[in-house]
Amino acid sequence: MHRRPIIIGNWKMHTTLADASLLTRQINHIAETIDDVDIVLLPPVIWLPTLLTDLHHRPRSLQFGVQNFYPETEGAFTGEIGLGMVKNLAQYALIGHSERRLVLHETDEFINRKVQAALNAKLHPIICVGELTPVMLKSRGRGRPTLLQTQSDVLRQLRAALAGVSVRDVERLIICYEPLWAVGTDENVSGPHVQAVLEQFRTVIALQFGRAAAERVRTIYGGSVSPETIHEYTTQPDIDGVLVGRASLSVRTFMTIAEAVAHRAAASSHHGTRQLGDTRS
Ligand code: PGA
């Protein structure tokens with residue numbers, strides 16, 4: 001089975017409106033020439049209406065999402081935005097990012113509510129899971145967690161995020177392995193390590209929803225992805241794409257990564273080999 005490759009640019013709390021507008025127009029221009037990859041931009045939500053109004057032609061491959069929202073339709077939630085407010089603006093919603101888990105203290109239970117809310121709003125939830133325990137934090141910059149450490153922490157987060165999700169919604173999910181120790185650090189996680197983790201994700205998803213549904217879920221990696229490191233990831237069968245932070249703020253670096261993801265998909269199909277994210281036998 002072919003899963004469509006995806007690259008997501010998480011702009012975090014960066015850009016002025018002028019920067020955001022220029023970046024979006026430049027990305028839009030290049031996206032016209034790249035067909036084989038979904039390009040998703042997550043700008044600060046306040047810029048979203050202007051960015052979309054400014055784009056007169058937009059290729060279907062270029063889509064937008066929100067970095068955050070509150071999982072209720074409306075109410076007394078000062079400072080929050082609901083997904084009804086971004087209807088027709090966003091197709092994706094980032095959920096469980098390590099910075100929100102750590103800095104904003106979002107819990108597994110709250111993240112699960114956000115997943116349900118995003119699915120009810122017919123969006124694609126991008127669910128991030130990654131090591132956050134004190135052991136991992138202490139080890140940041142001083143070695144990496146073992147695969148076993150990763151499993152106990154991360155698979156718990158994944159199961160919690162997926163609780164109550166219905167099988168008919170599963171293929172809209174995007175699951176991102178996003179280890180905090182690799183975010184914003186230049187710690188390069190090896191392709192085989194990510195592949196091993198994503199295989200475990202697919203097993204967890206298959207146990208809950210069945211193998212056929214699990215094969216349709218896109219699984220991606222996020223953490224210090226750059227033009228220098230992207231080839232580490234495009235050769236792994238379960239890495240269907242990447243979540244990019246810092247490198248998404250430059251059109252040159254972001255689109256170099258996007259092209260690498262798209263070329264990998266195209267090259268694989270021409271040579272009859274596995275495509276990025278193809279089903280393993
Ligand atoms: P980074 O951020 O690419 O700057 O490390 C990645 C992320 O936000 O997950």
Side-chain angles (χ1 to χ4, degrees), residues 1-8 36-38 40 63 65 71 83 91-97 101 107-131 147-179 191-222 233-243 261 264-265 268-269 272-281:
M1 173 186 292
H2 173 63
R3 294 185 291 269
R4 188 168 160 80
I6 183 166
I7 175 168
I8 301 165
D36 294 332
V37 58
D38 282 337
V40 179
Q63 293 159 33
L83 288 175
Q91 294 86 49
Y92 292 79
L94 190 63
I95 300 171
H97 190 278
R101 289 181 190 263
T107 62
D108 283 345
E109 186 271 330
F110 187 67
I111 286 162
N112 177 249
R113 282 175 57 200
K114 292 177 86 170
V115 172
Q116 309 263 7
L119 288 170
N120 286 339
K122 305 288 177 228
L123 299 182
H124 294 277
I126 305 161
I127 304 173
C128 297
V129 296
E131 304 92 334
L147 199 54
L148 206 65
Q149 287 170 313
T150 296
Q151 284 162 3
S152 65
D153 217 23
V154 173
L155 298 187
R156 188 208 74 243
Q157 291 175 12
L158 180 60
R159 288 192 195 95
L162 297 180
V165 169
S166 125
V167 69
R168 67 166 191 276
D169 289 330
V170 173
E171 66 186 284
R172 271 195 284 133
L173 301 174
I174 292 149
I175 312 289
C176 180
Y177 174 49
E178 195 238 353
H193 180 101
V194 175
Q195 170 63 26
V197 174
L198 296 188
E199 277 177 27
Q200 299 258 333
F201 286 6
R202 208 170 298 287
T203 302
V204 167
I205 299 166
L207 281 171
Q208 189 172 340
F209 301 103
R211 180 49 65 181
E215 291 297 344
R216 292 196 291 273
V217 175
R218 288 185 284 184
T219 52
I220 68 173
Y221 168 70
Y233 308 117
T234 51
T235 50
Q236 300 294 337
D238 280 284
I239 306 182
D240 300 317
V242 284
L243 172 68
V261 174
R264 168 70 176 101
S268 306
S269 54
T273 56
R274 275 188 191 150
Q275 297 209 347
L276 187 74
D278 258 0
T279 309
R280 305 201 88 196
S281 55

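Keep in mind that this is a model prediction, so the values were computed, not measured. Along the sequence shown, residues are numbered consecutively beginning with 1.
For residues 120-129, no pair satisfies salt bridge (Lys or Arg N to Asp or Glu O under 4.0 Å), with sequence neighbours left out.
The minimum heavy-atom distance between Cys176 and Gly222, with the atom names listed, is SG-N, 3.6 Å. In this structure, Pro179 and Glu131 approach most closely via the heavy-atom pair CB-OE1, 3.0 Å. For Asp153 against Gly130, the heavy-atom pair with the smallest separation is OD2-O, 4.3 Å. Nearest approach of Tyr177 to Tyr221, heavy atoms of both residues: O-CD1, 3.3 Å. Ala118 and Leu83 make their closest contact through CA-CD1, 3.6 Å (heavy atoms, listed as atom of the first residue, atom of the second, distance). The shortest non-hydrogen separation linking Ala213 to Val167 is CB-CG2, 4.2 Å.
In this structure, the side chain to side chain donor-acceptor pair (under 3.5 Å) partners of Asp169, at least two apart in sequence or on a different chain, are Arg172. In this structure Ala206 satisfies the side-chain contact (heavy atoms from CB on, under 4.5 Å) test together with Arg211, Ala214, sequence neighbours excluded. Partners of Phe110 by ring-ring contact (aromatic ring centres under 6.0 Å, His included), not counting sequence neighbours, listed by chain and number: Tyr70. For Asp108, the side-chain contact (heavy atoms from CB on, under 4.5 Å) criterion is met by Arg101, Arg156, Gln157, Ala160, not counting sequence neighbours. Checked against side-chain contact (heavy atoms from CB on, under 4.5 Å), Gln91 has the following partners two or more places apart in sequence or in another chain: Arg58, Gln63.
Arg3 places none of its side-chain heavy atoms less than 4.5 Å from the side chain of Arg216. Inter-residue side-chain proximity for Pro71 and Gln116 is flagged as unmet; no heavy-atom pair is nearer than 4.5 Å. In this structure, Val261 and Thr234 have side chains that are in contact, with non-hydrogen atoms separated by less than 4.5 Å.
For the atom pair NE2 (His193) and CD (Gln236), the distance works out to 12.0 Å, reported to the nearest 0.5 Å. With rounding to the nearest 0.5 Å, the separation of CD1 in Ile8 from NE2 in His124 is 10.5 Å. In this structure, CD1 on Ile127 lies 5.0 Å from CG on Leu173, to the nearest 0.5 angstrom. Between the OG1 atom of Thr219 and the CZ atom of Phe201 there is a distance of 8.5 Å, given to the nearest 0.5 Å. The structure places CZ of Arg202 at 12.5 Å from CD of Gln200, a figure rounded to the nearest 0.5 Å. Here the CG-OG distance, from Leu119 to Ser166, works out to 8.0 Å after rounding to the nearest 0.5 Å.
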Exercise for the section: Could you give me the CA-CA distance, side-chain angles and deciding distance for Phe209 and Val165, then say whether side chain to side chain contact (heavy atoms under 4.5 Å, CB included) is met? Expected result: CA-CA 9 Å; Phe209 301 103; Val165 169; 4.0 Å; yes

Exercise for the section: With side chain to side chain contact (heavy atoms under 4.5 Å, CB included) as the test, would you mind laying out the steps for Ile174 and Val217 before giving the verdict? Expected result: CA-CA 6 Å; Ile174 292 149; Val217 175; over 6 Å; no

Handout entry: Residue pair Ile220, Ile239: steps toward the side chain to side chain contact (heavy atoms under 4.5 Å, CB included) verdict
Key = CA-CA 5 Å; Ile220 68 173; Ile239 306 182; 5.6 Å; no

Practice task
Tell me, with the steps shown, if Val40 and Ile7 meet side chain to side chain contact (heavy atoms under 4.5 Å, CB included).
Solution key: CA-CA 6 Å; Val40 179; Ile7 175 168; over 6 Å; no

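Electrostatic pairing of Asp238 and Arg218 does not count as a salt bridge here, judged by no charged N lying under 4.0 Å from a carboxylate O.
The closest donor-acceptor contact from the side chain of Asn112 to the backbone of Ala161 lies under 3.5 Å.
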